[in-house]
Amino acid sequence: MPIDPAAFRTAWPQVVRSLAVTTRSLDHGEEFAAEAFARAAAQPDGAITDLVGWCVQVGRRSWLDALRHQAVLARIQPQLARPEVAPVDVSPEPGEDLDDRLALLFVACDDAIAPGAQLVLAMRVVCGLTVRQIAAHLGIPEATAAARLTRAKATLARARGEFAVPDGAARDARLPIVLACVAGLFTVGQRDELQPADATQDPARDALTLAEALVARYPADPEVLGLRAVCRLGLARRPGRVRDGVALPLDEVDRTAWDRRLLAAGLDDASAAVARTPGGRAGSRWRPRSPACTPLRARPS
């Protein structure tokens, strides 16, 4: 059956997180999730009523099959007797109440990985950007981005061993690079998808969803509020910015087409961010890179 793109985008992070818990590896979680979704696509219409549950179970069985096959080939019989998996429907502490995509972002932004590789891993595994898009955003060759992705996965597996969502203090330390990833996703969406066909092909809208989840987790953080302001203001000003497939300079955009509700919400976020502790977080590494992120000097009439 063809998988609805919206259903896939919702289910993918849930399945990856569950299988990463099961296999104790982000890399394996992604690998067996991909296999499960491929099998789901081959099923007849109506055969799957719960895409997430079905893919988690199929991915789990595939991983167990792989374990058994490796054990037989290596003639390591004692490994077959150990407990095979943790329950796949319960995320371990800490982070069990985190949005699945945020949880994976915090895992991918591990400080054991070099900062540039953190961005590549998070933007590929969690944000779903292609290696080409990531390379263009970072201004590096595609081969370099691909190499960083491979090294990041290997480093994470070597440094942390089993997959685990970091606790509150570790998440706080990783927040700057998480913000950079979400800002990068928004920038790519504003640059590459001037007129998205629908919500399933809209990285900028995905970035706003992640920013909203971050605000729910850090409601008083000025940089988090500032990031949501950037996303809201950019999306509010998107209508009317394209003519005949070409992006218009700001002074030629039809401002009457702007989303006033979203624009007001973005300005409220910007005001709240400015009112918080000035100067931002010490050592913060994210900066908006999109022309859409420039501040408004005054509320438009």
Side-chain angles (χ1 to χ4, degrees), residues 5 8-9 12-13 15-17 19-20 23 25-35 37-38 100-160 163 165-166 173-194 196 200-211 214 227 230-231 234 247 283-293:
F8 172 81
R9 293 175 75 86
W12 174 258
V15 175
V16 170
R17 184 181 181 183
L19 293 179
T23 64
S25 163
L26 178 59
D27 200 13
H28 288 161
E30 186 183 17
E31 175 186 347
F32 289 106
E35 182 175 342
F37 277 101
D100 286 298
R101 293 182 74 185
L102 274 189
L104 290 176
L105 265 179
F106 280 111
V107 170
C109 294
D110 195 300
D111 54 12
I113 305 171
Q118 288 173 330
L119 277 170
V120 173
L121 178 62
M123 296 178 80
R124 178 70 189 102
V125 174
V126 185
C127 298
L129 298 180
T130 65
V131 173
R132 180 192 63 79
Q133 288 174 314
I134 296 169
H137 173 68
L138 297 178
I140 59 177
E142 285 188 45
T144 301
R148 287 184 183 180
L149 178 63
T150 300
R151 286 197 300 269
K153 290 182 177 181
T155 300
L156 185 62
R158 184 170 58 251
R160 302 301 178 197
F163 173 90
V165 178
R174 300 177 190 187
L175 183 57
I177 198 71
V178 168
L179 293 174
C181 291
V182 178
L185 179 63
F186 181 76
T187 299
V188 170
Q190 289 289 84
R191 183 183 61 234
D192 294 354
E193 299 293 341
L194 299 179
T200 67
Q201 301 176 31
D202 192 351
R205 188 68 63 173
D206 286 345
L208 175 58
T209 300
L210 286 169
L214 282 166
L227 176 60
V230 166
C231 294
S284 177
R285 289 176 285 184
W286 85 276
R287 294 290 183 273
R289 296 181 58 181
S290 168
C293 299

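Remember, predicted model here, so these are calculated numbers, not experimental data.
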Output for pair (L105 CG, L214 CG), nearest 0.5 Å, gives 7.5 Å

Can you name the closest pair of heavy atoms from P13 and L104 and give their distance?
O-CD1, 3.8 Å

Do R17 and V107 make a side-chain contact, defined as non-hydrogen atoms from C-beta onward lying under 4.5 Å apart?
no

Anything under 3.5 Å between a donor and an acceptor, one on a side chain of residues 122-131, the other on a protein residue two or more places apart or in another chain? List them.
from : atom 1 : to   : atom 2 : distance (Å)
R124 : NH1    : L129 : O      : 3.3
T130 : OG1    : Q133 : N      : 3.1
T130 : OG1    : Q133 : OE1    : 3.4

CG-CG distance between L19 and L26, expressed to the nearest 0.5 angstrom:
11.0 Å

Test side-chain contact (heavy atoms from CB on, under 4.5 Å) on K153 and L121; report intermediate values, then the result.
CA-CA 7 Å; K153 290 182 177 181; L121 178 62; 3.8 Å; yes

Set of side-chain contact (heavy atoms from CB on, under 4.5 Å) partners for F8, sequence neighbours left out:
I3, W12, F37

Compile the donor-acceptor pairs under 3.5 Å between side chains in residues 176-184 and protein atoms, sequence neighbours left out, one pair per line.
none

In this structure, CG of L185 is separated from CG of L119 (nearest 0.5 Å) by 11.5 Å

For D110, which residues count as a salt bridge (charged side-chain N to carboxylate O under 4.0 Å, His left out) partner, sequence neighbours excluded?
R160, R174

Heavy-atom check, side chain of R148 versus side chain of I134, under 4.5 Å
no

With A147 via side-chain contact (heavy atoms from CB on, under 4.5 Å) - residues at least two apart:
R151

Pairing residues for A204 by the side-chain contact (heavy atoms from CB on, under 4.5 Å) criterion, not counting sequence neighbours:
F186, Q190, D202, L235, R238

Got a sec, which residues hit side-chain contact (heavy atoms from CB on, under 4.5 Å) with E31, two or more places apart in sequence or on another chain?
H28

